[in-house]
Amino acid sequence: MAGVNRPIMLYDADCGFCTKSAGQVPRLGVDVEIASLQESDLEALGVDDERAYREMPFVGRDGRVEYGHLAWAGILATGPLPARLLGRAFRTRLGGALASRAYHWVAANRHRLPGGSPSCALHPEPKS
């Protein structure tokens, strides 16, 4: 998979909470491009479009795609030292477990959070 010039954080523009959150990311001092899922060529980026609407994707310079709390770890890794340290913590056993749990709680409740609306609610995965 080909890399990208600048890491990319993708967000769901149909979700007010996600849009509001994406707008706050530059305040972290990170070096990422911020783009909506709806306006991006997900296939070309190697992003699983179904998963992307459940877990935020991040495409690193090397083209690797990470989702959820690991996407945040990748985003934070592009920032200043405090952000990079937090991103590293998200990749440890304990930090990763906590970050994953927190990420999934936020994702499941994004329709209830500031900027959220009923259209932000995640729909359950279809049962096979």
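Hydrogens, waters and symmetry mates are skipped; everything else that's a heavy atom, side chains included, is used. Because the structure is a prediction, the values reported are computed rather than measured.
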A.B. asks: Can you confirm whether Glu33 sits close enough to Val59 that some side-chain heavy atom of one is under 4.5 Å from a side-chain heavy atom of the other?
C.D. replies: no

A.B. asks: Could you measure the distance from the CD1 atom of Ile34 to the OG atom of Ser21? Nearest 0.5 Å is fine.
C.D. replies: 10.5 Å

A.B. asks: List the steps and the verdict of side-chain contact (heavy atoms from CB on, under 4.5 Å) for Leu42 and Leu37.
C.D. replies: CA-CA 7 Å; Leu42 302 182; Leu37 294 167; 4.0 Å; yes

A.B. asks: When you compare the side chain of Arg110 with that of Cys18, does any pair of heavy atoms fall below 4.5 Å?
C.D. replies: yes

A.B. asks: Quick one: are His69 and Arg101 in side-chain contact, heavy atoms under 4.5 Å?
C.D. replies: no

A.B. asks: Could you tell me if the side chain of Tyr11 sits less than 4.5 Å from the side chain of Thr19, heavy atoms only?
C.D. replies: yes

A.B. asks: Between Leu45 and Pro57, is there a side-chain heavy-atom distance shorter than 4.5 Å?
C.D. replies: no

A.B. asks: Kindly say whether Tyr67 contributes a backbone atom to a donor-acceptor pair with the side chain of Arg51 at under 3.5 angstrom?
C.D. replies: no

A.B. asks: Does Trp105 share a hydrophobic cluster with Phe17, counting links as ILVMFWY side-chain heavy atoms below 4.5 Å and allowing steps through other members?
C.D. replies: yes

A.B. asks: Hydrophobic clusters here meaning ILVMFWY residues chained together by side-chain heavy-atom distances under 4.5 Å, can you tell me if Tyr53 and Val47 are in one?
C.D. replies: yes

A.B. asks: To the nearest 0.5 Å, what is the distance between CE (Met9) and CG (Leu28)?
C.D. replies: 9.0 Å

A.B. asks: What heavy-atom pair brings Leu10 and Ser36 nearest, and what distance separates the two atoms?
C.D. replies: CD2-O, 4.0 Å

A.B. asks: Say you draw a straight line from OH of Tyr103 to CZ of Phe90; how long is it, rounded to the nearest 0.5 Å?
C.D. replies: 11.5 Å

A.B. asks: Run the side-chain hydrogen bond (donor to acceptor under 3.5 Å, both in side chains) test against Arg112 and tell me which residues pass, sequence neighbours left out.
C.D. replies: Asn109

A.B. asks: Just wondering, are more than 12 heavy atoms of other shown residues or ligands nearer than 6.0 Å to CG in Asp41?
C.D. replies: yes

A.B. asks: Below 4.5 Å, heavy atoms only, C-beta onward: do Asp12 and Gln38 meet side chain to side chain?
C.D. replies: yes

A.B. asks: Yes or no on side-chain contact (heavy atoms from CB on, under 4.5 Å) for Glu66 and Arg91, after CA distance, side-chain angles and deciding distance?
C.D. replies: CA-CA 12 Å; Glu66 295 183 293; Arg91 294 188 187 281; 2.8 Å; yes

A.B. asks: Just so I know, are the side chains of Val30 and Val25 near enough to count as touching, which here means a heavy-atom distance under 4.5 Å?
C.D. replies: yes

A.B. asks: Nearest 0.5 Å please: distance from the CE atom of Met56 over to the CG atom of Leu70.
C.D. replies: 10.0 Å

A.B. asks: Look only at the side chain of Ser100 and the backbone of Ala97, and say whether a donor-acceptor pair between them is shorter than 3.5 Å.
C.D. replies: no

A.B. asks: Please list, one pair per line, the donor and acceptor atoms closer than 3.5 Å that link side chains of residues 76-88 to other protein atoms, with sequence neighbours excluded.
C.D. replies:
unit_1, atom_1, unit_2, atom_2, d
Thr78, OG1, Asp31, N, 2.9
Thr78, OG1, Ile75, O, 2.7
Arg84, NH1, Gly79, O, 3.0

